[in-house]
Amino acid sequence: MELTDLTIHEMIQQLRGGEVSSVALTQACLDRIDATDTHINAFITVCRDEALAAARQADERLAQANRDKEDPPLLTGIPLALKDLFVTAEIRTTCASKMLADFTPPYDGAVVSKLKEQGAVIVGKLNMDEFAMGSTGENSAFGKIHNPWNLNHVTGGSSGGSAACVAARQVPASLGTDSGGSIRQPASHCGVVGLKPTYGRVSRSGVVAFASSLDQVGPLARNVRDCAIMLQAIAGYDPADSTSVDTPVPDYLAGLEEGVAGKKIGLPREYFIPGLDPEVKQAVENVVEVYRTLGAEAVEVSLPHTKYAVSCYYLVATAEASSNMARYDGVRFGTRVDPGKGLTEMYTASRSHGFGAEVKRRIMLGTFALSAGYYDAYYLKAQKVRTLIRQDFITAFNQVDYILTPVAPTPAFALGEKTTDPLLMYLSDLFTLSANLAGICGLSLPCGKSTAGLPIGVQLLGKPFDEAGLLSAAYACEQTGEWHKAKPEL
Amino acid sequence: MREKVTREEVMQVASLARLEFSPAELDLLTNQLDTILERVEQLNELDTSAVEPTSHAVPLENVFRDDEVRDSIGVEQALRNAPVQAQDCFVVPKVIE
């Protein structure tokens, strides 16, 4: 057993029992990153000195708490890593884009402050699809991310580095963001637990925006309990984010072992489609059996507008993205390329040089959907279809407590397999993006492995703000198997 | 019936988005946008005449706060990432001749 094999829960116990120091844990993570990240490329920036300094502080805090017979803050001394779109004071924040390659924010975002207040040690910033636009982890100006289970396969995205670093045991947990599956899908492909909380549950202040009505911050961890600990640390209302919701944060650990006896789990018939990989289908059906054994009732439900979700999503998300991306103009921060021909030419040259192909494609689609003459036909239409998709879930959740689906139609595909056809890539998100359109919470749980050795995940969806229920349902299933203990050979 | 996206339309949208593309990129984008728009055309199968649009999944209310003076990051910090700055200002190419 190496220190990097410990879960957060185990680290907390050992730190408080004085069996290990935060400096030792942090150094073990840094060593593990040194040993493995040349193959995986999960990190864009490793904050070696800052992390060790924070670890020394954490050790002092632990010693002080011990002397005072008090409990130190929840995450004191725990090494963690962040997707590189959380702004961090004095640590560059690139969004995996050439546009922000040299951008050093002047402040910490809300969740970063919360993690630090809780005593966490930030060891680095994680690779991702540029500005969170992509589903493979390949669209990064800092190089592709490789799946720790098979280095020739993608991690999924956009929080690819956030999933890969946890799977490779470089850190015990990370934060990502999920606008259409960007936490759940890479979590599934890398065999870790990923939680997308309800829209409004976690502050987005200091998170570089992609699609503002869809983006939500969430944790990726090796097991459900660690995910619950992470959510506990970051959830809550923030006056600096007017879309965060002022509703009490429950104790996510208190009800974790409640089980699923008597609960109803909905299986949407529209998600079990012919294109579904047979091994994924089998793994997900096995989970349904597990829940039946645990005393839950599985019933078929219908989400009739599912087949419109991809179209709806890619209009809403790109429209919002094109608007959010307007701020990168080479004036206040970011790359400037000035051909010396005037202001408009400077904007155009800076943006054309700074953004990668997928970001440009989405800005173009979004600008098209919002432009005069097309607004009603595309953007407004998509917003109306969004209402129908949301109503599907409201209706379904009147009948069931949770909804169970595959996370992705297939295990992680090979690097390069889908980069030439954007539509094919967009379609791989079809099971995850409805949750963002509807604003509900969702979780990806490891539940199997393909014959090729790649992880398979199952998705559980919950009612708005029922993260506690969702976590307890996931925990019940997790405890019946060993998938969360699997470790890739690197 | 939707008309195919033309290269000229793509150039017009690129100009609105302040992006420029090479001729080869323009051809590729024209094809890709046309394929994507053909796909999203399926939304017209749905009658949404009586449906309200959703802009946020969570009902939002305007949030008011007291107009209090608070600390801000200051000029130096605000300018530290500026590509070009002078005299505590962001510098941009000349706009008026």
Side-chain angles (χ1 to χ4, degrees), chain A residues 102-104 106-107 198-200 213 239 242-243 245 305 307-308 310-312 314-315 322 329-336 338 340 342-349 351-352 355 360-361 363-365 367-368 371 378 380-388 390 422-423 426 437-440 464, chain B residues 2 5 9-10 12-22 25 28-29 32-33 35-63 65 73-74 76-85 90-97:
Chain A
D102 301 312
F103 175 62
T104 304
Y107 69 101
T198 309
Y199 185 84
S213 79
S242 63
T243 63
V245 176
H305 296 94
K307 70 169 179 170
Y308 302 105
V310 173
S311 299
C312 174
Y314 277 95
L315 288 171
S322 75
D329 57 4
V331 174
R332 290 159 302 152
F333 44 74
T335 294
R336 173 184 288 198
D338 187 2
L343 184 63
T344 305
E345 289 75 9
M346 187 279 283
Y347 292 155
T348 304
R351 292 165 61 78
S352 302
F355 293 138
K360 288 182 196 169
R361 184 156 45 237
I363 293 172
M364 289 292 288
L365 181 58
T367 307
F368 189 93
S371 62
Y378 290 110
L380 191 63
K381 183 79 187 183
Q383 286 194 317
K384 289 181 171 184
V385 175
R386 183 175 183 180
T387 304
L388 298 175
R390 187 164 169 259
L423 187 57
Y426 298 170
L437 292 168
I440 58 175
Chain B
R2 187 182 68 91
V5 176
E9 273 180 303
V10 175
Q12 172 59 22
V13 173
S15 150
L16 291 171
R18 300 286 184 263
L19 289 170
E20 62 190 346
F21 297 97
S22 71
E25 286 173 328
L28 184 66
L29 255 179
Q32 287 177 337
L33 287 184
T35 309
I36 294 166
L37 291 173
E38 190 180 301
R39 160 86 195 191
V40 305
E41 200 69 13
Q42 62 155 190
L43 298 185
N44 291 326
E45 294 167 12
L46 295 168
D47 178 6
T48 52
S49 51
V51 180
E52 286 293 313
T54 295
S55 58
H56 269 83
V58 178
L60 294 177
E61 283 172 39
N62 191 25
V63 182
R65 63 166 173 79
I73 57 173
E76 195 185 325
Q77 286 285 2
L79 285 171
R80 67 182 282 183
N81 283 289
V84 187
Q85 55 159 299
F90 298 103
V91 174
V92 296
K94 197 168 167 185
V95 182
I96 302 163
E97 289 300 326

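Below, read A as the first sequence line, B as the second, and so on, with proteins coming before strands; counting in each chain starts at 1.
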Less than 4.5 Å apart, any side-chain heavy atom of [X] and any of [Y]?
X: A:Y378; Y: B:L37; result: yes
X: B:S55; Y: A:Q383; result: yes
X: A:K384; Y: B:T54; result: no
X: A:R332; Y: B:N81; result: no
X: B:P93; Y: A:D338; result: yes
X: B:L19; Y: A:I363; result: yes

Got a donor-acceptor contact below 3.5 angstrom from the [X] side chain to the [Y] backbone?
X: A:R390; Y: B:A57; value: yes
X: A:K381; Y: B:L46; value: yes
X: A:R336; Y: B:A82; value: no

Review point. Crowded around B:N44 CG? As in, over 12 foreign heavy atoms under 6.0 Å?
Key: yes
Practice item. Apply side chain to side chain donor-acceptor pair (under 3.5 Å) to A:T367 and list each qualifying residue two or more places apart in sequence or on a separate chain. Key: none
Review point. Where do A:R361 and B:Q32 land on the side chain to side chain contact (heavy atoms under 4.5 Å, CB included) test, with the steps shown first?
Key: CA-CA 9 Å; A:R361 184 156 45 237; B:Q32 287 177 337; 2.8 Å; yes
Study note, to complete from the structure: Counting heavy-atom pairs under 4.5 Å with chain B, the top scorer among A:L365, A:I440, A:V331 is A:V331
Review point. Highest number of heavy-atom pairs under 4.5 Å with chain B: which of A:L380, A:L315, A:V245, A:T198?
Key: A:L315
**Study point:** Minimum heavy-atom distance A:A382-B:L43, with the two atoms named
**Key:** CA-CD1, 4.1 Å
**Study point:** From CA spacing to verdict: side-chain hydrogen bond (donor to acceptor under 3.5 Å, both in side chains), B:E45, A:Y308
**Key:** CA-CA 10 Å; B:E45 294 167 12; A:Y308 302 105; 2.6 Å; yes
Exercise for review: Could you tell me which portion of B:R80 (side chain, backbone, both or neither) has an atom closer than 4.5 angstrom to a non-hydrogen atom of chain A?
Suggested key: side chain
Review point. Is the closest basic N to carboxylate O distance between B:E20 and A:K360 below 4.0 Å?
Key: no
Exercise for review: Check ring pair (Phe, Tyr, Trp, His ring centres under 6.0 Å) between A:Y314 and all other residues, then give those that pass, not counting sequence neighbours.
Suggested key: A:Y426
